[in-house]
Amino acid sequence: MEDIDSVRWRDLDRLLLRAGNLVGENFEPGEQLRNDLQEYAKVLVVGAGGLGCELLKDLAMSGFKNIEVIDMDTIEVSNLNRQFLFRMQDVGKSKAEVAAKRVMERVSGVNIVPHFCRIEEKDIDFYSDFNIIALGLDSIEARSYINAVACSFLEYDSEDKPCLESIKPMVDGGTEGFKGHARVILPGVTPCFECTVWLFPPQVKFPLCTLAETPRSAAHCIEYAHLIQWDEEYHGKPFDADNPEHMQWIYSQALKRAEAFGISGVTYSLTQGVVKNIVPAIASTNAIISSACALEALKIATACSKSLSNYLTYNGVEGLHTNVTEFSKDDDCLVCGPGVLMELDSSVTLQKFIDLVGEHPRLRLSRPSVMHRGNNLYIQAPPVLEEMTRPNLQLPLFELMGKVSKDSVHLSGTIITNDKKSTTTRKVRVSFKGIADGITDMDTACGG
């Protein structure tokens with residue numbers, strides 16, 4: 001009679017105990033592979049919403065035992081129809097904390113550590129601790145941030161080829177109604193999020209004249225209350241989309257405006273969707289896309305099969321259709337590429353370098369923090385770290401980088417796109433003039 005553990009992992013063992021024609025290059029079947037997966041593989045799930053809940057469940061049931069999840073949101077009543085880990089008594093609680101607790105209650109042996117905070121609040125060392133990052137996000141900005149973080153670990157050799165040991169794999173999923181996608185991102189090998197950001201449709205924006213003079217839909221009324229009436233009423237007070245009182249005020253004003261123009265369809269749920277740009281979600285689509293993402297994570301961790309190459313689309317609007325497309329990496333990508341080349345004199349100080357970065361036409365990064373091979377050369381915040389690293393500003397960058405002739409530095413700062421500030425990371429290849437193999441011309445001339 002089979003023991004419980006054998007029955008539990010029977011399907012997983014079918015993948016890990018047998019060789020085949022589709023396995024990865026380094027695949028070695030055996031029981032030790034499952035043990036290594038459960039003991040050493042560490043996965044971060046970003047987002048604990050509809051897709052995130054499914055990801056946590058699927059990863060836990062696929063053999064991953066060391067999982068962490070990060071999400072800044074609390075549970076709302078409107079989440080309950082598709083985010084199956086939550087109950088009515090959970091409303092108002094942290095999504096990450098409740099989701100972790102529920103999965104650990106149902107899947108024995110798994111350890112899920114929740115983080116109830118913004119993704120920007122975690123430092124780079126936090127993200128470096130994971131073998132795989134799985135994304136269950138509904139925001140382009142959040143995807144872009146995590147993509148930049150993962151790509152910041154990527155190093156290139158002297159021939160501008162990615163160092164395989166520095167690659168931080170990501171698995172990204174997204175859903176909208178009956179449609180969805182799953183993709184594998186291997187920075188430096190496959191296109192990163194920034195390489196293919198054009199895949200995401202631009203956010204719908206309504207002309208202000210239409211909102212103010214001739215509203216024709218419920219969405220027009222909601223946006224008028226959000227973009228115009230709120231500021232008129234509260235005179236510059238920031239609107240918080242996560243504040244129920246703020247959202248209720250927008251809903252009430254939109255309802256009044258809709259009634260005045262004979263427009264129907266304004267609901268509180270629609271108000272949330274328009275203001276927060278929430279896309280419609282269906283539980284079955286989340287389940288399908290999550291299963292694809294979890295399978296790709298398992299492939300990456302064990303090499304039991306070749307990874308998806310590299311973008312899967314799912315469409316269940318009419319029947320069922322899936323398609324896999326291989327997109328190409330952008331060799332000049334500012335995020336996952338070798339980096340922007342800057343040639344500097346060996347006398348250039350770190351402060352001067354930061355100034356040049358802000359003026360560079362391809363970078364234009366303001367208030368950047370600078371890191372070289374894991375060492376913080378200068379940190380903008382918090383104040384205690386800024387004060388500790390401030391003396392470096394007056395030192396030559398050449399000396400701070402260990403007097404090498406050429407190497408990469410990572411910068412984290414803010415850029416302005418479409419009048420909107422966002423945090424991002426950039427990689428710069430610094431080459432020092434007159435330096436060869438870490439030896440200056442003067443060193444050569446004076447050497448004995």
Side-chain angles (χ1 to χ4, degrees), residues 5 7-16 33-34 36-71 79 81-86 95-115 130-138 143 146 169-176 178-185 281-308 311-314 316 320 322 324:
D5 210 41
V7 173
R8 178 181 179 183
W9 302 119
R10 180 179 56 201
D11 292 334
L12 178 61
D13 285 345
R14 286 174 177 169
L15 295 174
L16 303 185
L33 187 56
R34 188 226 292 170
D36 290 344
L37 171 71
Q38 296 176 340
E39 184 173 355
Y40 300 115
K42 194 171 183 181
V43 182
L44 173 66
V45 175
V46 186
L51 189 56
C53 284
E54 293 282 353
L55 277 169
L56 288 171
K57 175 260 296 179
D58 288 345
L59 290 169
M61 298 185 71
S62 297
F64 291 95
K65 288 192 172 183
N66 300 302
I67 305 172
E68 299 192 25
V69 57
I70 182 170
D71 196 300
N79 301 148
N81 70 324
R82 63 193 181 281
Q83 298 175 20
F84 73 102
L85 295 176
F86 307 141
K95 285 186 176 181
E97 293 173 359
V98 174
K101 177 184 176 183
R102 288 278 151 70
V103 174
M104 286 192 290
E105 288 174 348
R106 296 296 299 271
V107 184
S108 62
V110 66
N111 179 45
I112 303 179
V113 179
H115 302 274
F130 298 96
N131 304 109
I132 301 170
I133 299 177
L135 307 182
L137 296 165
D138 58 4
R143 278 190 177 95
I146 295 295
M170 288 181 287
V171 178
D172 173 55
T175 65
E176 181 175 350
F178 287 101
K179 300 177 182 179
H181 79 261
R183 68 185 298 184
V184 171
I185 298 176
I282 296 173
S284 58
T285 308
N286 285 334
I288 291 168
I289 295 302
S290 172
S291 65
C293 290
L295 179 59
E296 293 307 317
L298 182 64
K299 291 179 184 179
I300 292 170
T302 65
C304 65
S305 181
K306 295 178 181 178
S307 294
L308 173 72
Y311 193 97
L312 177 146
T313 55
Y314 161 79
L320 175 64
T322 59
V324 175

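Just so you know, these numbers come straight off a predicted model, no measurement behind them.
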Do Thr322 and Val324 come close enough that some side-chain heavy atom pair is under 4.5 Å?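 They are not in contact (no side-chain heavy atoms under 4.5 Å apart), so the answer is no.
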* To do: Please tell me if the side chains of Ile300 and Ser307 come closer than 4.5 Å, counting only heavy atoms from C-beta onward.
  =>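 Contact flag for Ile300/Ser307 side chains = yes.
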**Asked** Does Asp71 have any salt bridge (Lys or Arg N to Asp or Glu O under 4.0 Å) partners at least two apart in sequence or in another chain, and if so, which?
**Response**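 Applying salt bridge (Lys or Arg N to Asp or Glu O under 4.0 Å) to Asp71 gives none.
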Nearest non-hydrogen partners of Val69 and Gly47, listed with the distance: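 So the minimum-distance heavy-atom pair works out to CG2-O, 4.1 Å.
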Grab the two heavy atoms, one from Phe86 and one from Cys53, that are nearest each other, plus how far apart they are.
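Of all heavy-atom pairs spanning Phe86 and Cys53, the closest is CZ-SG, 3.7 Å.
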Inspect the surroundings of [atom1] in [X] and state if more than 12 heavy atoms from other residues, nucleotides or ligands are less than 6.0 Å away.
X	atom1	result
Lys42	NZ	yes
Phe178	CZ	no
Met61	CE	no

Ionic contact status for Arg14 with Asp11, cut-off 4.0 Å =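 Yes, charged N to carboxylate O under 4.0 Å.
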Salt-bridge criterion met for Glu296 and Arg183 (N-O under 4.0 Å):
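So Glu296 does not pair with Arg183 through a salt bridge.
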- Tell me, with the steps shown, if Gln38 and Arg34 meet side chain to side chain contact (heavy atoms under 4.5 Å, CB included). CA-CA 6 Å; Gln38 296 176 340; Arg34 188 226 292 170; 3.6 Å; yes
- Query: Do the side chain of Asn66 and the main chain of Asn111 share a donor and acceptor less than 3.5 angstrom apart?
  - Reply: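 Answer holds: no.
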Checklist entry - Got a donor-acceptor contact below 3.5 angstrom from the Arg143 side chain to the Leu137 backbone? => result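 Yes: the side chain of Arg143 pairs with the backbone of Leu137.
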- Output all residues satisfying ring-ring contact (aromatic ring centres under 6.0 Å, His included) with Tyr311, sequence neighbours left out; order by chain, then residue number.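 By the ring-ring contact (aromatic ring centres under 6.0 Å, His included) rule, Tyr311 matches His181, Phe327.
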Show, in sequence, the C-alpha distance, side-chain angles and deciding distance for Leu59 and Val45, and conclude whether the side chain to side chain contact (heavy atoms under 4.5 Å, CB included) test is met. CA-CA 9 Å; Leu59 290 169; Val45 175; 3.6 Å; yes
Does the side chain to side chain contact (heavy atoms under 4.5 Å, CB included) test come out yes or no for Leu56 and Met104, once each step is laid out? CA-CA 10 Å; Leu56 288 171; Met104 286 192 290; over 6 Å; no
Derivation of the side chain to side chain contact (heavy atoms under 4.5 Å, CB included) call for Val110 and Phe64 = CA-CA 7 Å; Val110 66; Phe64 291 95; over 6 Å; no
